[in-house]
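Please read the structure below before turning to the comments.
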Amino acid sequence: MFDQVAGGYDRTNTVLSLGNDKLWRVATTRAVAPRRGQRILDLAAGTGASSVSLARSGAEVVAADFSQGMIAEGRRRHGGIPNLTFEQADATALPFDDDAFDVVTISFGLRNVVEPKKALAEMFRVTKPGGRLVVCEFSHPTSKAFAGLYGFYNNRVLPLAAKAVSTNAEAYDYLNESIRDWPDQPTLARWIRQAGWTDVAWRNLTFGIVALHRAVKPAADPA
């Protein structure tokens with residue numbers, strides 16, 4: 001499904017999110033706070049739009065995605081950036097060594113993983129002690145009034161808009177369902193803690209349509 005929509009994926013997301021995807025990407029990049037010399041894993045990177053933002057800092061960025069079509073499109077668009085590489089990867093069985101990255105981040109992809117708790121454990125494994133996790137994902141609006149408006153948009157407006165601008169409207173029906181069925185902010189925070197992460201916190205974006213979760217891998221015992 002993601003292979004089929006790779007070419008127009010970023011454009012469609014901008015239209016369907018009413019341009020908010022760009023603001024969410026900025027917030028995520030600020031939370032990651034990339035620096036030169038760091039090694040960063042950007043999971044579910046798609047075509048690499050979020051990865052490019054991270055690579056501009058000079059950090060070494062690995063853009064990983066399960067979809068070969070997305071990876072191919074990312075390489076086509078951004079293959080000339082020297083500190084950005086693309087790899088096909090399963091989030092539940094990452095092809096990287098233990099303690100390999102300073103930061104692991106995933107944007108709008110965790111809910112598409114069949115076993116998200118296993119993916120969080122894998123992210124923990126490949127992160128260096130003292131390293132950080134940043135998860136940007138759709139969530140649940142905190143206001144009942146806004147939640148009703150958001151539900152109307154997702155159920156009535158989004159399917160029509162997807163048919164107009166997407167090459168695969170059925171794919172966006174699935175994405176709508178995955179957003180609706182995804183757990184709320186405290187539940188995701190609990191899953192992150194269960195995977196071993198500490199200092200777990202979240203920040204709501206756009207009234208809770210999206211939540212930015214952050215966590216730290218405990219530093220190694222000096223002994």
Side-chain angles (χ1 to χ4, degrees), residues 1-14 16-17 21-22 24-26 28-29 31-32 34 38-57 59-97 100-127 131-138 162 166-168 170-172 174-179 182 188 195 210 212-213:
M1 180 186 69
F2 283 98
D3 288 349
Q4 293 172 5
V5 300
Y9 185 71
D10 296 326
R11 181 193 68 246
T12 302
N13 285 345
T14 297
L16 298 184
S17 70
D21 63 318
K22 298 181 184 299
W24 299 331
R25 190 177 303 125
V26 168
T28 303
T29 301
V32 172
Q38 287 185 326
R39 192 165 187 237
I40 299 173
L41 174 61
D42 187 14
L43 272 176
T47 63
S50 58
S51 308
V52 170
S53 298
L54 300 172
R56 286 180 182 139
S57 69
E60 179 187 347
V61 179
V62 177
D65 200 283
F66 190 73
S67 164
Q68 288 281 14
M70 289 287 189
I71 291 297
E73 183 67 17
R75 287 193 182 119
R76 186 187 69 80
R77 295 184 188 183
H78 310 299
I81 300 176
N83 56 320
L84 174 60
T85 57
F86 288 84
E87 291 198 35
Q88 196 276 339
D90 180 349
T92 63
L94 293 172
F96 307 112
D97 293 336
F101 296 95
D102 297 285
V103 186
V104 175
T105 182
I106 182 169
S107 296
F108 306 109
L110 188 58
R111 74 185 190 286
N112 297 320
V113 178
V114 176
E115 298 179 275
K117 292 181 181 179
K118 189 174 181 180
L120 289 168
E122 272 291 274
M123 294 178 212
F124 184 87
R125 178 185 67 79
V126 303
T127 302
R132 295 178 297 114
L133 171 72
V134 177
V135 178
C136 184
E137 187 55 89
F138 286 109
S166 172
T167 56
N168 186 341
E170 290 76 15
Y172 286 87
Y174 156 73
L175 291 175
N176 189 18
E177 292 172 3
S178 70
I179 292 170
W182 186 247
L188 179 54
V210 167
L212 199 59
H213 283 71

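For the numbers below, each heavy atom of this structure counts, side chains included, while hydrogens, waters and symmetry mates do not. For clarity, every value in this text was computed on a predicted model and none was experimentally measured.
Atoms CG and CZ, on Leu84 and Arg56 in that order, are 11.0 Å from each other to the nearest 0.5 Å. One distance of note links CE of Met70 with CG of Asp65; it measures 6.5 Å at 0.5 Å rounding. Here Glu137 contributes atom CD and Ile179 contributes atom CD1; the two are 8.0 Å apart, rounded to the nearest 0.5 Å. If you take CZ on Arg39 and OG1 on Thr127, they are separated by 11.5 Å, rounding to the nearest 0.5 Å. Here the straight-line distance linking atom CZ of Arg75 with atom CD1 of Ile81 works out to 13.5 Å at 0.5 Å rounding. The distance from atom OG of Ser50 to atom CD1 of Ile106, rounded to the nearest 0.5 Å, is 10.0 Å.
The minimum heavy-atom distance linking Ala121 with Ala195 is given by the pair N-CB, 3.9 Å. Considering all non-hydrogen atoms of both residues, Asn83 and Ala59 come closest at ND2-O, 2.7 Å. Closest heavy-atom contact between Pro34 and Thr29: CD-O, 3.3 Å. Contact record, Leu41 with Phe96: CD1-CE1, 3.8 Å, taken as the closest heavy-atom pair. For Phe66 against Asp90, the heavy-atom pair with the smallest separation is CD1-CA, 3.9 Å.
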Before you tell me yes or no, could you show the steps for Leu54 and Thr105 under side-chain contact (heavy atoms from CB on, under 4.5 Å), namely the whole-Å CA-CA distance, both residues' side-chain angles and the distance that decides it to 0.1 Å?
CA-CA 10 Å; Leu54 300 172; Thr105 182; 4.0 Å; yes

List the steps and the verdict of side-chain contact (heavy atoms from CB on, under 4.5 Å) for Arg25 and Ser53.
CA-CA 8 Å; Arg25 190 177 303 125; Ser53 298; 3.7 Å; yes

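Counting only heavy atoms from C-beta outward, the side chains of Asp42 and Val32 never approach each other to under 4.5 Å. For the pair Ile40 and Asp102, the minimum side-chain heavy-atom distance is 4.5 Å or more. When side chains are defined from C-beta on, Val113 counts as touching Thr92, because their heavy atoms get closer than 4.5 Å.
By the side-chain contact (heavy atoms from CB on, under 4.5 Å) test, Ala89 is found to be paired with Ala64, Leu94, Pro95, residues two or more places apart in sequence or in another chain being considered. Residues satisfying the salt bridge (charged side-chain N to carboxylate O under 4.0 Å, His left out) criterion with Arg125, sequence neighbours excluded, are Asp98, Glu122.
With hydrogens and angles ignored, the 3.5 Å screen pairs a side-chain donor or acceptor of Arg132 with a backbone N or O of Ala31.
Below 30°, between 30° and 60°, or above 60°: for Phe138 and Trp24 the angle between ring planes is above 60°, a perpendicular geometry.
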